[in-house]
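These notes concern the structure reproduced below.
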Amino acid sequence: QVQLVESGGGLVQPGGSLRLSCAASGSIFSINTMGWYRQAPGKERELVATITSGGSTNYADSVKGRFTISRDNAKNTVYLQMNSLKPEDTAVYYCNAAVIFRYSGVSYNHWGQGTQVTVSS
């Protein structure tokens, strides 16, 4: 049993900032890569950013220089700091985590429920 709970979404004006959080809980031994994805109406879900357990990051070109992904391994939490937000950033943002279960050692991909981010004046 693993749950990813997202928070921090909302409505902001263009140029504003938001910080998303995703906390994992349950029978977790460790978490490998964590990431954020987003999906706008009528579009495919796309990768926004990922971060490995060691802290290596990767970003989509569209958010490079504006978004920052980070994690707190002690809290099993990943963050997405979003600055200089644009209307085209409007989407449902989903957290993803490759979780290694305690005792079994089996790895599974888990998704959060999604949080709405709307950028509009």
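Computed over heavy atoms, backbone and side chain alike; hydrogens, waters and symmetry mates excluded.
- Not counting sequence neighbours, Tyr79 has no partner by the ring-ring contact (aromatic ring centres under 6.0 Å, His included) test.
- Heavy-atom neighbours of Glu88 CD from other residues, nucleotides or ligands within 6.0 Å: above the threshold of 12.
- The salt bridge (Lys or Arg N to Asp or Glu O under 4.0 Å) check on Arg102 picks up nothing, with sequence neighbours excluded.
- Pairs engaging residues 57-91 under the disulfide (SG to SG under 2.5 Å) rule: none recorded [sequence neighbours left out].
- When hydrophobic clusters are built by joining Ile, Leu, Val, Met, Phe, Trp and Tyr residues whose side-chain heavy atoms come closer than 4.5 Å, directly or via intermediates, Leu4 is not grouped with Tyr37.
- Counting only residues at least two apart or in different chains, disulfide (SG to SG under 2.5 Å) contacts with residues 70-112 comprise Cys22-Cys95.
- Residues Thr90 and Gln116 are in side-chain contact: their nearest non-hydrogen atoms beyond the backbone lie under 4.5 Å apart.
- Residues Val63 and Arg38 have side chains in contact (heavy-atom distance under 4.5 Å, counting atoms from C-beta outward).
- Applying the ring-ring contact (aromatic ring centres under 6.0 Å, His included) criterion to Phe29, with sequence neighbours excluded, gives no partner residue.
- In the hydrophobic cluster analysis, where Ile, Leu, Val, Met, Phe, Trp and Tyr join through side-chain heavy atoms closer than 4.5 angstrom, Leu20 is grouped apart from Leu11.
- Partners of Arg45 by side chain to side chain donor-acceptor pair (under 3.5 Å), not counting sequence neighbours: none found.
- Side chain of Asp72 to main chain of Val78: no donor-acceptor pair is present (N/O by atom type, distance under 3.5 Å, no hydrogens or angles).
- Residues Val5 and Val2 are members of separate hydrophobic clusters, defined by side-chain heavy-atom contacts under 4.5 angstrom among Ile, Leu, Val, Met, Phe, Trp and Tyr.
- Grouping the Ile, Leu, Val, Met, Phe, Trp and Tyr side chains by contacts below 4.5 angstrom, directly or via other members, places Phe101 with Ile28.
- Ring geometry for Tyr93 against Phe67 counts as tilted: the plane angle lies between 30° and 60°, on a 0 to 90° scale.
- Considering only heavy atoms from C-beta on, Val117 stays 4.5 Å or farther from Asp89 through its side chain.
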Verify side-chain hydrogen bond (donor to acceptor under 3.5 Å, both in side chains) between Ser17 and Asn83, making sure each step is shown before the conclusion. CA-CA 4 Å; Ser17 298; Asn83 299 325; 2.9 Å; yes
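- Taking 4.5 Å as the limit, every side-chain heavy atom of Ile69 sits out of range of all side-chain heavy atoms of Arg71.
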